[in-house]
Chemist: 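This is the structure I want to talk about, given as structure tokens.
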Amino acid sequence: MSRVDIALKRFDAGFNCAQSVLSAFAEDLGLKEETSLLLASAFGGGMRMAATCGALTGALMALGLAQGFDNVDVDKKAHIENLTKELVARWTSIIGDTDCKDILGIDVSKPEGRTEARAAGVFDSECPRCIEQGVTLLEELLASIA
């Protein structure tokens with residue numbers, strides 16, 4: 001099963017976008033699936049504020065695990081900064097924005113916004129598209145530096 005399939009299956013099971021993307025990379029990055037789900041649980045719905053899309057934050061968390069730094073090293077800091085900017089630029093060129101409310105066209109930070117989004121079907125159309133792009137763009141970026 002591909003990472004995209006894993007991520008979409010998790011989303012269909014009720015996990016948020018960030019959990020779905022991060023957990024699709026967890027095993028390969030030495031993170032237990034359960035830990036990835038816990039770690040990313042607060043990032044769905046744009047951190048519950050309709051801010052940065054959960055699928056993007058999930059991809060950025062996985063990028064940090066794959067290429068980040070755990071000691072203060074100027075070169076490693078510059079490396080992850082460049083990769084982060086590259087991932088966000090690729091994301092924006094395809095999705096058009098980074099914020100959940102702008103991607104969905106609805107502010108899902110409030111219960112009435114979530115109700116409106118469900119009724120409009122955006123959780124069924126836009127969220128899977130973002131999850132797929134988050135996984136695919138990260139896979140492409142990691143493959144390009146391997």
Side-chain angles (χ1 to χ4, degrees), residues 1-29 31 33 36-70 73-146:
M1 186 179 307
S2 73
R3 284 189 188 110
V4 168
D5 292 337
I6 292 167
L8 292 173
K9 183 177 178 181
R10 296 221 172 102
F11 183 72
D12 287 343
F15 292 104
N16 70 43
C17 296
Q19 290 173 302
S20 299
V21 172
L22 179 60
S23 67
F25 289 89
E27 184 178 329
D28 293 328
L29 297 173
L31 191 64
E33 177 185 328
S36 72
L37 294 170
L38 289 167
L39 178 65
S41 63
F43 290 86
M47 297 173 281
R48 300 292 171 226
M49 298 179 294
T52 305
C53 173
L56 178 56
T57 58
L60 290 168
M61 284 187 262
L63 177 62
L65 282 169
Q67 294 291 312
F69 60 94
D70 59 1
D73 178 308
V74 174
D75 292 333
K76 288 182 180 182
K77 285 177 83 170
H79 176 68
I80 193 66
E81 178 180 346
N82 290 332
L83 292 175
T84 299
K85 288 179 179 180
E86 178 64 24
L87 180 60
V88 172
R90 290 181 187 192
W91 170 277
T92 304
S93 74
I94 293 168
I95 301 297
D97 210 300
T98 59
D99 279 359
C100 185
K101 67 179 172 269
D102 296 322
I103 295 166
L104 300 179
I106 299 170
D107 184 350
V108 294
S109 67
K110 300 187 178 13
E112 60 272 12
R114 288 191 295 279
T115 300
E116 181 184 347
R118 277 188 206 94
V122 297
F123 291 137
D124 297 326
S125 60
E126 293 304 310
C127 295
R129 180 175 78 99
C130 290
I131 289 167
E132 181 176 351
Q133 285 306 313
V135 171
T136 300
L137 291 171
L138 182 56
E139 286 178 330
E140 291 170 359
L141 183 61
L142 292 174
S144 75
I145 58 174

Chemist: Grab the two heavy atoms, one from Q133 and one from I94, that are nearest each other, plus how far apart they are.
Modeler: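 Reported closest heavy-atom pair: OE1-CD1, 3.3 Å.
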Chemist: Main chain of L37, side chain of Q19: is a donor-acceptor contact present, judged purely on distance under 3.5 Å?
Modeler: yes
Chemist: I'd like to know if the side chain of W91 reaches the main chain of D97, judged simply by a donor and an acceptor atom lying under 3.5 Å from each other, with no hydrogens or angles considered.
Modeler: yes
Chemist: To the nearest 0.5 Å, tell me how far R129 CZ sits from C17 SG.
Modeler: 11.5 Å
Chemist: With the side chain counted from C-beta on, respond yes when F43 and L22 share a heavy-atom pair under 4.5 Å apart, and no when they do not.
Modeler: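 They are not in side-chain contact.
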Chemist: To the nearest 0.5 Å, how far apart are CG in L65 and CG in L31?
Modeler: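 If we round to the nearest 0.5 Å, L65:CG and L31:CG are 5.5 Å apart.
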Chemist: Between D73 (side chain only) and K76 (backbone N and O only), is there a donor and an acceptor less than 3.5 Å apart?
Modeler: yes
Chemist: Using the rule given for salt bridge (Lys or Arg N to Asp or Glu O under 4.0 Å), can you reason through E81 versus K85, listing the C-alpha separation, both sets of side-chain angles and the distance that settles it, and then say yes or no?
Modeler: CA-CA 6 Å; E81 178 180 346; K85 288 179 179 180; 3.0 Å; yes
Chemist: Does a side-chain heavy-atom distance below 4.5 Å link Q67 with L141?
Modeler: no
Chemist: Considering only heavy atoms from C-beta outward, does the side chain of D107 approach that of E116 to under 4.5 Å?
Modeler: no
Chemist: Which pair of non-hydrogen atoms, one from S109 and one from R48, has the smallest distance, and what is that distance?
Modeler: CB-O, 3.7 Å
Chemist: Please round to the nearest 0.5 Å and tell me the distance separating atom CE of M1 and atom NZ of K9.
Modeler: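 Result: 4.5 Å between the selected atoms.
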Chemist: Work out which heavy atom in A66 is nearest to a heavy atom in L142; give both atom names and the distance.
Modeler: CB-CD2, 3.9 Å
Chemist: Does some side-chain heavy atom of F25 sit less than 4.5 Å from a side-chain heavy atom of L63?
Modeler: no
Chemist: Is a donor on one side and an acceptor on the other found under 3.5 Å between the side chain of R10 and the backbone of S23?
Modeler: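 Such a contact is found between R10 side chain and S23 backbone.
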Chemist: Please examine the side chains of C127 and L104, heavy atoms only from C-beta on, and report whether any two atoms are closer than 4.5 Å.
Modeler: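 Side chain of L104 against side chain of C127, heavy atoms only: contact under 4.5 Å found.
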Chemist: Can you name the side chain to side chain contact (heavy atoms under 4.5 Å, CB included) partners of L8, sequence neighbours left out?
Modeler: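 Partners of L8 under the side chain to side chain contact (heavy atoms under 4.5 Å, CB included) test: V4, P128, I131.
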Chemist: Taking N16 for the side chain and S41 for the main chain, is one N or O donor matched with an acceptor at less than 3.5 Å?
Modeler: yes
Chemist: Please give me the minimum heavy-atom distance between A120 and I106, naming the atom from each residue.
Modeler: CB-CD1, 4.3 Å
Chemist: To check you understand the geometry: which heavy-atom pair defines the closest contact between T57 and A18, and what is its length?
Modeler: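 Smallest heavy-atom distance, with atoms named: OG1-CB, 3.8 Å.
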Chemist: I need the minimum non-hydrogen distance between L87 and L138, along with the two atoms involved.
Modeler: CD1-N, 4.1 Å
Chemist: Are C53 and I95 side-chain neighbours, meaning at least one heavy-atom pair lies under 4.5 Å?
Modeler: no
Chemist: Measuring from T98:OG1 to L60:CG, what's the distance to the nearest 0.5 Å?
Modeler: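 Rounded to the nearest 0.5 Å, the OG1-CG separation comes to 10.0 Å.
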Chemist: Using modelled atom types only, decide if a donor and an acceptor are shared between the side chain of S36 and the backbone of E33 within a distance under 3.5 Å.
Modeler: yes
